[in-house]
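The block underneath contains the structure these notes are about, expressed in structure tokens.
Quick caveat, the model's predicted, so the values are computed rather than measured. Both counts, for ligands and for their atoms, begin at 1 and track the order of listing.
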Amino acid sequence: MGQVTSEQVVKGNGAGPNGQSSATVKSYAPATGELLGEAPNMGPDEVRAIVARAKRAQEAWGALSIEERCERVLRFRDAIVDRADEIIDLLSRECGKPRHEALLHEVMVVADIATFFTKVAPQALAPREVPLHLMKHRRSFLHYGPRGVIGVISPWNYPFQLPLRDVLLAVIAGNAAVLKPSEVTPLIALKAKEVWDGAGLPEDVFQVVTGYGPTGAALIDAGIQLCVFTGGVSTGKRVAAACGERLIPCVMELGGKAPLIACADADIERTAQAIVFGGFSNAGQVCISVERVYAHKQVHDRILDRAVEITRGLRQGDPSKDFVDVGAIIFPHQIDVAEKHIKDALEKGATLKVGGKRRKGEGQFFEPTILAGCSHDMTVMTQEIFGPVVPFMQVDSEDEAIRLANESHLGLNAYVFTADRDRGHRLAERVQAGSVLVNDVLSNGGTAETPFGGIKQSGFGRVLGEDSLREMCDVRHISTDRVRMTGKDPLWYPYSETSYKWFKKGLRALFSSGNILRRIGDMF
Ligand code: NDP
């Protein structure tokens with residue numbers, strides 16, 4: 001027990017605690033420092049063997065009808081709901097998040113994703129005919145078949161929702177899935193696997209490989225057919241390069257720096273509440289957190305004051321013991337990052353309005369923090385913080401706010417607050433982000449129907465939405481003749497001067513402007 005030190009858990013060093021390669025991955029509770037358990041640190045041979053097993057299991061799984069697969073996935077969903085208490089308890093302890101968030105943002109979202117996609121999958125993945133505008137004598141059909149084994153590499157901040165989202169989509173579409181969870185949250189991934197097995201589903205269709213970064217790299221190299229990666233930009237670049245090297249397609253869900261634009265007519269109370277919830281939910285460790293506020297000068301002070309007041313009332317502590325609002329920070333490095341950005345901002349003239357300190361004593365806690373008077377020469381406004389820090393900047397106009405919001409290398413989520421929802425919609429269209437919410441925050445992270453993902457360095461490809469189900473598939477185009485064809489096609493051999501002239505006339509008739517009848521007449 002006691003505070004976890006950087007020596008105990010250093011995330012992202014690619015090998016293990018203290019940089020050495022260790023036989024196990026140790027999981028500590030961020031709120032108490034308690035050692036919760038260990039998982040094997042799997043090497044390339046183990047990972048390859050697991051992917052090979054997944055491949056074999058996929059053949060039988062993929063051969064089931066989609067209705068049969070959906071029925072089995074719903075059994076998994078029911079088992080999750082039945083065992084919600086133990087999942088929430090582990091999420092709260094391993095990730096340090098409040099139980100409300102473990103329930104609403106993890107377990108409930110997974111249950112909803114399973115429900116929604118099992119409902120829409122039979123239709124979404126059914127063969128569809130594509131009408132041909134030119135080759136009327138033929139019919140074209142698209143068939144969506146499983147790719148094989150999908151590798152899912154996921155981060156620690158939503159260690160149940162994010163990986164299971166991708167795993168569910170993969171298996172509903174007929175694939176097997178192999179998940180590499182973050183090194184700091186292996187136990188919740190193993191719990192998901194335990195629930196899957198307990199529900200009587202084929203064990204090798206969903207498997208987990210635990211370890212550090214190299215285990216993730218080994219997964220990419222083990223014969224998967226698609227990699228769905230969620231994580232930071234720098235790891236994402238390495239993963240995309242590794243996939244490129246092997247010509248494996250990938251979906252990249254990377255970091256964010258979500259701006260919140262408060263227009264002159266924004267509702268003060270709703271905007272302030274949204275900033276606090278959007279900035280401090282999951283202790284700010286959310287890729288779509290409110291990471292910077294641009295408030296119009298007419299409302300800036302009132303929103304800032306109210307946000308500070310609400311923040312002062314938040315209760316922070318060990319979420320496994322109490323119903324707190326804000327939990328712990330996953331590992332010490334994240335606190336160092338927050339402190340570094342705050343220090344830079346204060347040195348350059350920002351004002352600390354509330355928070356700003358790590359809590360002494362047991363566990364890793366950082367106070368929800370609001371900074372005012374920020375500008376774009378401070379890193380707090382330009383780099384992803386991934387902690388409970390919200391910087392405010394006052395702007396003179398909405399145009400200025402949009403310009404600043406777009407002045408970023410990231411583009412995942414963005415938020416616009418205004419009393420005029422039509423204006424909000426128009427402003428939203430000008431913001432460079434994968435999703436823009438008007439008068440709301442965070443809610444699209446788990447909306448099953450709508451695609452989620454980023455632009456710029458926030459990544460590419462989308463998860464959620466029906467298209468993401470098809471993304472898990474190889475698309476096969478099958479073309480048949482509409483009427484019985486005999487002999488040779490007019491487009492085939494032999495080529496002659498006469499046929500060339502007719503095709504040339506055809507080019508003009510088909511593809512030039514003007515009256516269609518006259519163009520056809522011109523052929524003769
Ligand atoms: P990382 O990028 O550090 O890690 C993500 C995953 O990649 C982990 O499982 C990690 O394993 C693994 N990994 C590390 N190195 C390699 C490698 N060389 N090859 C393959 N896999 C590797 O991210 P964090 O876990 O720290 O998560 C925080 C980041 O995730 C933030 O930037 C956040 O914005 C982003 N994120 C994006 C979301 C989105 O939907 N766009 C959603 C949630 C978070 P290990 O942990 O063992 O090192």
Is there a side chain to side chain contact (heavy atoms under 4.5 Å, CB included) between Tyr158 and Thr230 once you walk through the steps? CA-CA 10 Å; Tyr158 288 91; Thr230 307; over 6 Å; no
Heavy-atom gap Ser234 to ligand 1 smaller than 4.0 Å: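 The answer is no, since Ser234 has no heavy atom less than 4.0 Å from ligand 1.
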Surrounding NE2 of His376 (heavy atoms of other residues, nucleotides or ligands, distance under 6.0 Å), is the total greater than 12?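 Yes, enclosed.
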What atoms of ligand 1 come within less than 4.0 Å of a heavy atom belonging to [X]?
X	answer
Pro181	9 (O)
Phe229	2 (O), 5 (C), 6 (C), 7 (O)
Glu384	31 (C), 32 (O), 33 (C), 34 (O)

Can an N or O of [X] be found at a distance shorter than 3.5 Å from an N or O of ligand 1?
X	result
Glu183	yes
Trp156	yes
Leu162	no
Ile153	no
Ser182	yes

Proximity of Leu219 to ligand 1 by residue part, where a heavy atom lies under 4.0 Å: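 No part of Leu219 comes within reach of ligand 1.
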What part of Asn157, side chain, backbone, both or neither, has a heavy atom within less than 4.0 angstrom of ligand 1?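 For Asn157, the contact with ligand 1 is made by the side chain alone.
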Of the choices Gly256, Gly232, Ala258, which has the non-hydrogen atom that lies closest to atom 23 (O) of ligand 1?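 When every heavy atom of Gly256, Gly232, Ala258 is considered, Gly232 comes closest to atom 23 (O) of ligand 1.
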Candidate with minimal heavy-atom separation from atom 16 (C) of ligand 1, of Thr235, Thr210, Leu464, Leu254: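 Minimum heavy-atom distance to atom 16 (C) of ligand 1 goes to Thr235.
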Can you list the steps and then say if Val380 with Asp344 is a side chain to side chain contact (heavy atoms under 4.5 Å, CB included)? CA-CA 8 Å; Val380 80; Asp344 173 78; 5.8 Å; no
Indicate whether any N or O donor in one side chain lies under 3.5 Å from an N or O acceptor in the other, for Asn413 and Asn444.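 Note: Asn413 and Asn444 side chains meet the donor-acceptor criterion.
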Stepwise side-chain hydrogen bond (donor to acceptor under 3.5 Å, both in side chains) test for Gln207 and Arg53: CA-CA 9 Å; Gln207 298 179 80; Arg53 286 215 307 272; 3.0 Å; yes
